[in-house]
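For the numbers below, each heavy atom of this structure counts, side chains included, while hydrogens, waters and symmetry mates do not.
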Amino acid sequence: MHIVCKLQHRQMVTMAVKVWVVAMMLMHHCFDVGLGDAGGDGLCLGSPDYGDALAKAILFFEGQRSGRLPANQRVQWRGNSALADGRPENVNLTGGYYDAGDNVKFGFPMAFTVTLLSWSAIEFRGDVAAVGQLGNLRAAIHWGADFLLRAHTSPTTLYTQVGDGNADHGCWERPEDMDTPRTLYKITADSPGSEVAGEAAAALAAAYLVLKEDGDKAFASRLLAASKSLFELANNYRGSFQSSCPFYCSYSGYQDELLWASAWLHRATRDGKYLDFLRQNQGSSNPGNEFSWDNKQVGAQMLATQEYLKGRRDLARYKANLDSFVCALMPDSGGTQIRTTRGGLLFTRDSVNMQYATTAALVLSVYSKTLRSWGGSDGVRCSAASFSPDQIASFAASQVDYVLGSNPMGMSYMVGHGDAFPRRIHHRASSIPSVEVLSRAVPCNEGFSSWLPTSDPNPNVHVGAIVGGPDENDQFGDNRGDSAHSEPATYINAAFVGACAAAMGQSQKPASPTLSTYK
C-alpha cells in the first residue's frame with residue numbers, strides 16, 4: 001500500500017509539473033486581464049517586443065546620471081547636477097548614478113548595478129548587439145565604472161556615498177536644484193566596509209571584461225588594477241559596512257561580497273589565487289533564495305558553478321547551493337520557498353519586490369544558458385521534480401513577460417513600454433517639470449506641496465524605468481507617494497537588461513521537442 005501511494009504521489013507531482021510547464025509557455029503569449037475572482041477575457045498578445053524593452057531599459061540609466069551630461073545625452077529633460085561633489089575633501093566625485101527616485105549617490109547599490117550591467121553584456125552580448133544596443137550598454141557601464149574608479153582615491157580609501165540621505169529624503173526637488181548637504185562618506189583601513197569594497201572590486205573586474213574591447217586599453221587597465229586593490233582593501237581590512245545606514249545597510253555580512261569579487265577577479269585575470277580563495281572559503285557559501293544588492297551568495301555560486309562545469313570539481317558545494325536556489329524558486333519543485341503570485345510573479349517581499357524578480361530571472365537565465373553550453377542537460381534535480389535548462393529559461397522569461405504586461409493588470413511595469421504603464425512614479429526629477437520648461441529653482445518645500453501629492457501624471461516620462469511593482473495580489477495603485485511599489489531603482493533595470501536579452505534569445509529558438517520532466 002505504501003509503495004502504491006508513493007507511486008501515485010509521484011505521478012501526481014509529475015503531472016502537476018507538466019501542467020505548470022505548459023502554463024509557463026502559454027504565459028509567454030497570454031494573460032488574464034480580469035481582476036479578482038470575477039475573472040476576465042483571456043487576451044493573447046504574442047511575445048512582448050523584447051528589443052524595444054531592452055533599448056528602453058538601457059536608456060533609463062541616462063535619466064539617472066549625475067554630473068555634467070555629455071553632448072550625446074538622449075534624455076533631454078535632465079540637466080547637469082551635483083557638479084561640486086567631493087569638493088569639501090578635494091576629490092572629484094562628480095558623475096555616477098542616483099540610485100532611485102532621490103538625489104543621493106550610494107556606492108554600494110551603484111557598484112552592484114555596474115556588476116549586473118557588465119554581467120548582462122558578457123553573457124548575452126550577441127543578443128544585445130542584435131538589436132543595436134551594445135554601444136549604449138557599454139556607455140552605461142562606463143558611466144558607473146568611471147565614478148567607482150575615481151571614488152577609490154588610495155589603496156585604503158573608497159568613497160561610498162555622496163549626500164546626506166536623511167536630508168535628501170526630507171526634500172522633494174530636482175537634482176538640478178539640489179541644495180541639501182552633499183556629505184561625503186568613505187571606508188578606510190580604520191573604518192572598514194568589506195561589503196562595499198568587495199562589490200566595487202566585482203564591478204570593476206566585470207566592467208573590465210566588457211570595456212577592454214572598446215579600444216581604451218588604458219582605462220580598462222585602470223579598472224582591473226583598481227579592482228585588485230579594492231579586493232585587498234575588502235579582504236585585508238575586514239569589517240562590516242554600516243556607514244550608509246539607515247539606507248543600504250548590509251544584513252548578510254561581507255563574506256558573500258568577498259566570494260563574489262574573487263570569482264569576478266578570477267574570471268578577469270585567470271589568476272589562480274582568486275580560484276584558491278573560492279576553494280578555501282566555500283564553507284561560507286550557503287543556500288539562499290534571493291540575489292540582491294545586499295546578498296551576493298547566489299551570484300558567486302553561479303560564477304563558481306561555471307568553473308565546476310568546466311572541470312573544477314572541487315567547487316561542488318557552489319553548484320549544490322545554486323541548485324538549491326533554483327529549487328527554492330521553481331513552482332512545484334518540492335522545495336519552493338518563494339511563492340509566485342496568482343499572475344505568476346515571484347514574490348519575495350512587499351517592498352520593491354521587482355528587484356528580486358529581475359535578479360532571479362537573470363541568474364536563472366545565466367544558469368540555463370550555462371547548462372546548455374557546458375553540459376548538465378539533465379537540468380536541476382529537486383526533491384519532487386527536475387527541471388531542464390529550457391524549463392528554467394522559460395520560467396525566467398515568464399518574469400520578464402510579467403514586467404512587460406503579461407499580468408492580471410494588463411500593465412507594463414516599465415515606463416514607456418506599451419500603452420498602459422505607471423504614470424506617477426516616485427521620482428523627483430521625473431515628477432517636476434524639467435529645467436528646460438520651468439527654469440526657476442523649485443525649492444524643497446514647494447516640491448512636497450505642489451509636485452509630490454498631485455494626482456497628475458509626471459511631466460517627464462522616465463522611459464525605461466521599472467518600478468517596485470505590484471503587491472502580492474498583483475495589484476498596483478500607481479501612487480507617487482507609495483515608494484515601495486512606485487519607485488524605480490538602477491539595480492532593478494540592471495538585472496532586467498540581462499534577463500530581457502536572454503528572453504529575446506529564447507523566443508527566437510525552436511520549441512523544445514518535449515515537455516517531459518526529468519525524474
Under 3.5 Å, is there a donor-acceptor pair between the side chain of Glu123 and the main chain of Val366?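 Not a single qualifying donor-acceptor pair exists.
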
Report yes or no: do [X] and [Y] form a side-chain donor-acceptor pair below 3.5 Å?
X      : Y      : result
Ser292 : Gln355 : no
Tyr50  : Asp127 : no
Tyr159 : Glu89  : yes
Arg238 : Asn235 : yes
Tyr97  : Arg65  : no
His417 : Asp52  : yes
Ser431 : Trp172 : yes
His485 : Asn353 : no
Thr160 : Tyr185 : no
Ser250 : Asp294 : yes

Looking at residues at least two apart in the chain, or sitting in another chain, which of them share a ring-ring contact (aromatic ring centres under 6.0 Å, His included) with [X]?
X      : result
Phe277 : Phe231
His427 : His462
Tyr367 : none
Phe112 : Phe291

Can you pull out every disulfide bond (SG atoms under 2.5 Å apart) where at least one residue sits in residues 50-152? Sequence neighbours excluded, please.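 Those involving residues 50-152 do not exist here.
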
Kindly state whether the ring of Phe241 and the ring of Phe108 have centres lying under 6.0 angstrom apart.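 Judged by ring-centre distance (under 6.0 Å), Phe241 and Phe108 do meet the cut-off.
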
Roughly how far apart are Ile492 CD1 and Thr358 OG1, rounded to 0.5 Å?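 The distance works out to 6.0 Å.
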
Restricting to pairs with a member in residues 271-280, which pass side chain to side chain donor-acceptor pair (under 3.5 Å), not counting sequence neighbours?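 Matches after skipping sequence neighbours: Asp276-Arg279, Arg279-Asp314.
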
